Amino acid sequence: MIVTITMNPSIDISYPLETFKLDTVNRVIDVKKTAGGKGLNVTRVLKQLEDEVTASGLLGGFLGESIKKDLDEAGITHSFSPINGETRNCIAILHEGKQTEILESGPVISDAEAEVFLNHFTDLVKDASILSFSGSLPTGLPKDFYAQMITICHMYHKPVILDCSGESLKLALQGEAKPLLIKPNTEELADLLGRDVSDNIEVLKEALQDSLFDGVEWIVVSMGAKGAFAKHNDKFYRVEIPKIEVVNPVGSGDSTVAGLTSAINNGDSDNDVLKKANVLGMLNAQEAVTGHINLDNYQKLFNQLNVSLV
Ligand code: ATP
């Protein structure tokens, strides 16, 4: 069983407006509300791949219940830990070809709630074959919370795919127990290293050999329309992808993480791990709905990718 973790989920609300008027009333007809958060996007793609998956993390209040209902309706198994605060709303106003976002920071997690979560999480780890953690940590949790969770996974010899950024990623990399795989995009990689990183192969090779990554088996740098660059132990790979018609690339990184998790869980070859991840990222970019893919186009794209040792 794959376990996905979303520590700061949300109800994602989209308000499409022809024009967005400030300081007056805007009426919206076509409102869409979905269970959101990066880990839930990963979960939805894994479900479509027919992998056995359980979604976990923290949920609270009326909106937390609404997320559970949404997951139930999608037939997704979930096992969240309760919090007293209310799960957040994230609003995207789509207007005049622009996207204005209003993101609530979300509930503040108490020490007691963190402890209840870690106990619950430990039980899930025992039954998991692999775990995938995505997104930011909510306020109140220490920045090394993912590092603590990875330590628990190591106690049970369970691999972790980690997709987060900033301080929580840095602390997870500096911990004694390492994630099996991280998937920064180029911006996140530059932020980690504190310097610009271009898409030049030699520059990327050097960047991924930084001591910060010592002990991390897989680093997959996703590069949007330019595909990906990856390091697995001492091998480096360039993934070249064809040009595609893009509808909405938001969440492509999450779809990529679903592919990495699924393929590694299946024991696939490096070539197939990287191809599956990129094909799923591309399939997400070809759809309007985040975390939704059309698998009918999977094989055709798979055959067009090129993974080479560099
Ligand atoms: P997000 O944060 O929106 O989830 P990300 O920055 O983590 O995205 P990206 O590098 O943008 O991740 O995308 C992940 C993968 O999806 C890419 O490696 C690529 O395979 C595919 N992809 C994303 N955008 C495009 C695009 N415009 N054209 C083709 N493929 C894309």
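All values derive from a computational prediction rather than experimental measurement. Ligands are counted one by one from 1 in listed order, and the atoms in each one are counted from 1 as well.
Here Lys126 pairs with Asp123 in a salt bridge; the nearest charged N to carboxylate O distance falls below 4.0 Å. Salt bridge Lys68/Asp70: absent, no basic N to carboxylate O contact under 4.0 Å. At a threshold of 4.0 Å, the pair Glu73-Lys69 counts as salt-bridged, since one of the basic side-chain nitrogens sits closer than that to a carboxylate oxygen.
Residues Pro142 and Gln148 are in side-chain contact: their nearest non-hydrogen atoms beyond the backbone lie under 4.5 Å apart.
A donor-acceptor contact shorter than 3.5 Å is absent between the side chain of Asp163 and the backbone of Ser134. Remark: the backbone N or O of Ile13 is not paired with any side-chain donor or acceptor of Asn89 at under 3.5 angstrom. No donor-acceptor distance shorter than 3.5 angstrom exists from the side chain of Arg195 to the backbone of Ala190, with no hydrogens or angles considered.
Among residues at least two apart or in separate chains, side-chain hydrogen bond (donor to acceptor under 3.5 Å, both in side chains) pairs with a member in residues 206-222 are Lys183-Ser222, Glu217-His232, Trp218-His232.
At least one heavy atom of Lys183 sits under 4.0 Å from some atom of ligand 1. Between Lys38 and ligand 1 there is a heavy-atom distance shorter than 4.0 Å.
Residue contact check: Ile241 has heavy atoms under 4.0 Å from atoms 19 (C), 20 (O), 29 (C), 30 (N) of ligand 1. Interface atoms of ligand 1 facing Gly281, defined by a heavy-atom separation under 4.0 Å, are 16 (O), 21 (C). Close contacts between ligand 1 and Val250 involve ligand atoms 3 (O) [criterion: under 4.0 Å to a heavy atom]. Ligand-side atoms of ligand 1 in range of Asp254: 4 (O), range being under 4.0 angstrom from any heavy atom. Near Ile244, meaning under 4.0 Å from any of its heavy atoms, are these atoms of ligand 1: 28 (N), 29 (C), 30 (N). Listed by atom number, the atoms of ligand 1 under 4.0 Å from Gly227 heavy atoms are 17 (C), 18 (O). Within ligand 1, counting atoms from 1 as listed, the ones closer than 4.0 Å to a heavy atom of Pro249 are 3 (O). Taking a cut-off of under 4.0 Å to the non-hydrogen atoms of Thr256, the atoms of ligand 1 that pass are 14 (C), 15 (C), 16 (O).
Below 30°, between 30° and 60°, or above 60°: for Phe80 and His78 the angle between ring planes is between 30° and 60°, a tilted geometry.
Separation of atoms CD1 (Ile76) and CG (Leu71) is listed at 5.5 Å; rounding is to 0.5 Å.
For atom 6 (O) of ligand 1, the nearest non-hydrogen atom of the protein is Asn185 ND2, 2.9 Å. When hydrogens are left out, the protein atom nearest atom 27 (N) of ligand 1 is Val246 CG2, 3.4 Å; that is the closest non-hydrogen contact. The single protein non-hydrogen atom nearest to atom 20 (O) of ligand 1 is Asn278 OD1, 2.9 Å, given as residue, atom name and distance.
Side-chain contact of Asp12 with Thr34: a donor-acceptor pair under 3.5 Å is absent, judged by distance alone.
Among Gly259, Ser252, Gly253, Gly224, the residue whose heavy atom sits closest to atom 17 (C) of ligand 1 is Gly224. Across Ser165, Ala225, Gly251, heavy-atom proximity to atom 25 (C) of ligand 1 is greatest for Ala225.
Residue-level proximity to ligand 1 for Asn284 is absent, since no heavy atom of it falls below 4.0 angstrom.
Between Ala228 and ligand 1, no pair of N/O atoms sits closer than 3.5 Å.
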